[in-house]
*Asks:* 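The structure follows.
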There are 2 protein chains.
Amino acid sequence: MAETETFPDRKRGSGVKLVYDLLRDEILDLVLPPGSTIDEVQLAERFGMSRTPIREALVRLAGEGLVETLPNRSTMVANIDFLNLHTFFDALTLMYRVTTRLAATYHQPAELNAIRQHQARFAAAVEAQDALAMIASNRDFHAAIAEAGRNPYYTSLFLRVLDEGRRLLRLYYQSFDDRLPREYVDEHEAIIAAIEARDVELCDRLAKAHADQIVRQIQKFLTRDRRQSLPL
Amino acid sequence: MAETETFPDRKRGSGVKLVYDLLRDEILDLVLPPGSTIDEVQLAERFGMSRTPIREALVRLAGEGLVETLPNRSTMVANIDFLNLHTFFDALTLMYRVTTRLAATYHQPAELNAIRQHQARFAAAVEAQDALAMIASNRDFHAAIAEAGRNPYYTSLFLRVLDEGRRLLRLYYQSFDDRLPREYVDEHEAIIAAIEARDVELCDRLAKAHADQIVRQIQKFLTRDRRQSLPL
DNA sequence: TGCATTTTATTTGTCGACAAAGTTTTGTCA
DNA sequence: TGACAAAACTTTGTCGACAAATAAAATGCA
């Protein structure tokens with residue numbers, strides 16, 4: 001039997017954010033599978049509110065490409081575009097490099113601290129073999145680096161790319177029994193050190209290597225031979 | 001006396017797009033000045049519809065950063081952040097380069113054609129000294145190049161940056177009596193040729209030079225000495 | 001049975017209404 | 001007069017209702 005959610009009385013104006021955040025998480029953690037339809041009325045009942053705030057949350061999600069709305073028809077969770085993954089890898093790599101470079105130049109002590117905290121959480125998640133926490137803290141780690149780079153244009157694109165990556169990584173680790181690699185922890189540490197040393201070129205190289213590593217892992221997963229798992 | 005707009009019967013679902021497109025244009029052409037407040041009820045009367053579709057259009061505009069919404073308070077046209085223009089220049093330059101490079105690699109004949117058409121309109125606008133048309137077609141020209149590059153992540157960021165640039169350029173040419181420079185026409189032609197030749201490195205250099213040129217012009221405008229125009 | 005067409009049902013887009021939050025005006029007292 | 005409080009007004013966020021659009025079911029016909 002499913003748990004019954006209860007949403008206590010909330011302040012006027014908080015409903016949209018509540019729905020938005022929850023739907024967003026459910027989409028990115030693949031709780032809502034790509035392509036599945038979203039029912040406004042059902043959500044309205046689930047959250048105990050009218051359709052108006054639900055719709056606003058959906059419009060915002062659509063603006064970020066996490067949801068697709070067909071006119072006069074249902075809105076559905078955005079599909080993962082496996083055919084054009086190379087555009088994703090390309091953007092991911094460039095954004096890793098650019099944001100890490102900028103962080104080396106513009107970071108301030110407090111920001112480096114925030115980055116370290118996310119890294120600590122990331123290391124703990126890897127240690128505990130907690131895939132969801134690892135994916136989330138990895139995203140936060142790189143988002144914090146982008147913040148330190150202080151370019152809102154890059155940050156917003158990077159967040160979008162990282163979110164898309166969150167879905168891919170979830171897919172990846174689901175299929176490999178959630179066994180998490182430790183080399184990322186060390187790579188993160190090296191990146192932190194390079195940012196602190198304000199070594200732009202080293203940051204660039206490390207960011208590129210880090211991106212390549214991730215891209216390679218995902219590609220390995222996508223191109224692996226699935227034939228032996230077919231029943232005969 | 002102001003012209004009275006009339007909006008004929010429209011199909012169900014078209015209202016949001018109508019409002020969105022019009023508000024967007026008015027914001028980017030500085031018809032709605034940055035910082036000015038937006039009245040939902042007034043818009044609803046103006047377009048002859050209820051507040052619901054107006055609100056949805058505003059939510060979408062907020063998602064693109066063209067409008068800022070204060071909870072329980074008015075929503076206003078986003079301000080231009082003059083203090084952090086360098087982040088804009090940085091992103092603009094990088095996106096010029098990246099999208100032009102990708103266009104050189106991935107463009108197809110039809111797309112090159114579209115790019116040429118925008119360039120023709122751009123040249124005509126410069127010839128006619130029509131600043132608004134020139135700004136719009138310049139944006140379309142570079143957007144078409146991004147399209148040819150086929151990376152939706154880059155395209156979406158680039159469009160956002162170009163839109164922000166539309167406001168800045170409008171400001172620029174308003175203040176200089178809308179006298180339009182012709183060198184951009186030639187630079188555009190060179191870029192087209194480089195894309196057609198699929199010369200990635202040349203595209204990169206030309207895009208960077210083009211970006212630098214624009215950045216320099218805007219900076220010149222922003223830092224010019226305004227003292228002599230003060231009344232004594 | 002298989003296909004086209006009408007009926008019914010579901011779902012979306014829009015509306016008018018209303019209450020909560022915020023803003024301005026009015027009123028009171030020092 | 002000037003500062004503070006109360007009242008009146010404006011604007012926003014949410015709701016329930018309804019009609020247009022689509023999807024599903026039922027019906028008719030060969």
Side-chain angles (χ1 to χ4, degrees), chain A residues 5-24 26-27 32-79, chain B residues 5-24 26-27 32-79:
Chain A
E5 295 168 297
T6 56
F7 297 99
D9 294 348
R10 49 209 147 52
K11 277 198 215 102
R12 166 192 163 95
S14 68
V16 175
K17 184 169 162 37
L18 182 73
V19 177
Y20 170 83
D21 287 339
L22 218 136
L23 277 183
R24 192 186 146 80
E26 293 194 346
I27 291 172
L32 294 176
S36 62
T37 61
I38 295 179
D39 184 355
E40 294 176 3
V41 180
Q42 195 175 307
L43 282 174
E45 286 170 8
R46 176 177 166 198
F47 288 100
M49 56 180 78
S50 87
R51 279 172 51 227
T52 309
I54 306 282
R55 291 192 114 242
E56 182 174 331
L58 289 178
V59 168
R60 284 174 56 182
L61 288 169
E64 295 174 43
L66 293 178
V67 133
E68 280 164 35
T69 313
L70 314 178
N72 284 318
R73 217 117 30 95
S74 63
T75 104
M76 48 188 258
V77 178
N79 280 302
Chain B
E5 295 168 297
T6 56
F7 297 99
D9 294 347
R10 44 205 152 57
K11 278 196 215 103
R12 166 193 163 92
S14 68
V16 174
K17 185 170 160 36
L18 182 74
V19 177
Y20 170 81
D21 287 339
L22 218 134
L23 277 184
R24 192 184 144 82
E26 293 194 345
I27 291 171
L32 294 176
S36 61
T37 61
I38 294 179
D39 184 355
E40 293 176 3
V41 180
Q42 197 175 305
L43 283 174
E45 288 170 7
R46 176 177 164 197
F47 287 100
M49 58 180 77
S50 87
R51 278 172 52 223
T52 309
I54 306 282
R55 291 192 114 239
E56 182 173 331
L58 290 178
V59 168
R60 285 174 54 182
L61 289 168
E64 295 175 43
L66 293 177
V67 134
E68 280 164 34
T69 313
L70 314 179
N72 286 318
R73 228 133 3 109
S74 63
T75 103
M76 48 187 260
V77 178
N79 280 301

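So you know, we letter chains A, B, ... as the sequences are listed, proteins then strands, and number each from 1.
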*Asks:* Could you write out each protein N or O paired with an N or O of nucleotides 21-24 of chain D at a distance under 3.5 Å?
*Replies:*
{"residue": "D/dA21", "atom": "O3'", "partner": "A/N72", "partner atom": "ND2", "Å": "3.3"}
{"residue": "D/dT22", "atom": "O3'", "partner": "A/R73", "partner atom": "NE", "Å": "3.3"}
{"residue": "D/dA23", "atom": "OP1", "partner": "A/R73", "partner atom": "NE", "Å": "3.2"}
{"residue": "D/dA23", "atom": "OP1", "partner": "A/R73", "partner atom": "NH1", "Å": "3.3"}

*Asks:* Let's see if you can work this out: which of C/dG16, D/dT12, D/dG16 has an atom nearest to the side-chain heavy atoms of A/T52?
*Replies:* D/dG16
*Asks:* Hey, is A/E26 close enough to A/R46 for a salt bridge, meaning N to O under 4.0 Å?
*Replies:* yes
*Asks:* Going by heavy atoms in the side chains, are A/D21 and A/K17 under 4.5 Å from each other?
*Replies:* yes
*Asks:* Output the single nucleotide from C/dC15, D/dT11, C/dT12 whose closest atom is nearest the side chain of A/D39.
*Replies:* C/dT12
*Asks:* Which comes earlier along DNA chain D counting from the 5' end, the contact point of A/R51 or that of A/G15, where each point is its nearest nucleotide?
*Replies:* A/G15
*Asks:* Tell me, please, which residues at least two apart from A/V19 pass side-chain contact (heavy atoms from CB on, under 4.5 Å).
*Replies:* A/L23, A/F47, A/M49, A/I54, A/A57
*Asks:* Which heavy atom of B/P33 sits nearest to which heavy atom of B/S36, and what is that distance?
*Replies:* O-OG, 2.7 Å
*Asks:* Quickly work out the B/M76 CE to D/dT12 P distance and round it to whole Å.
*Replies:* 14 Å
*Asks:* I'd like to check B/I38 versus B/M76 (side-chain heavy atoms, cut-off strictly below 4.5 Å). Are they in contact?
*Replies:* no
*Asks:* What is the separation between atom CD on B/E45 and atom C1' on C/dC15, rounded to the nearest whole Å?
*Replies:* 15 Å
*Asks:* I need the CD-P distance between B/E40 and D/dT14, as an integer number of Å.
*Replies:* 12 Å
*Asks:* Only pairs at least two apart or in different chains count here, so list each side chain to side chain donor-acceptor pair (under 3.5 Å) that has a residue in residues 61-78 of chain B.
*Replies:* A/R12-B/N72, B/Y20-B/E64, B/R24-B/E64
*Asks:* Between B/E56 (CD) and D/dT12 (P), how many Å, whole number?
*Replies:* 17 Å
*Asks:* Measure from CD1 on A/I54 to C1' on C/dT11 and round the result to the nearest Å.
*Replies:* 15 Å
*Asks:* For the pair made of CD in A/Q42 and P in C/dT11, what is the distance, rounded to whole Å?
*Replies:* 9 Å
*Asks:* Whole-Å distance between C/dT12 C1' and A/L43 CG?
*Replies:* 14 Å
*Asks:* Nearest to the B/M49 side chain among C/dC15, C/dT12, D/dC15, which nucleotide is it?
*Replies:* C/dC15
*Asks:* Compare side-chain N and O positions of A/S50 against OP1 and OP2 of D/dT14 and report whether any pair is under 4.0 Å apart.
*Replies:* no
*Asks:* As a quick check of understanding, evaluate side-chain contact (heavy atoms from CB on, under 4.5 Å) for B/R60 and B/V16, giving each step before the final call.
*Replies:* CA-CA 10 Å; B/R60 285 174 54 182; B/V16 174; 3.6 Å; yes
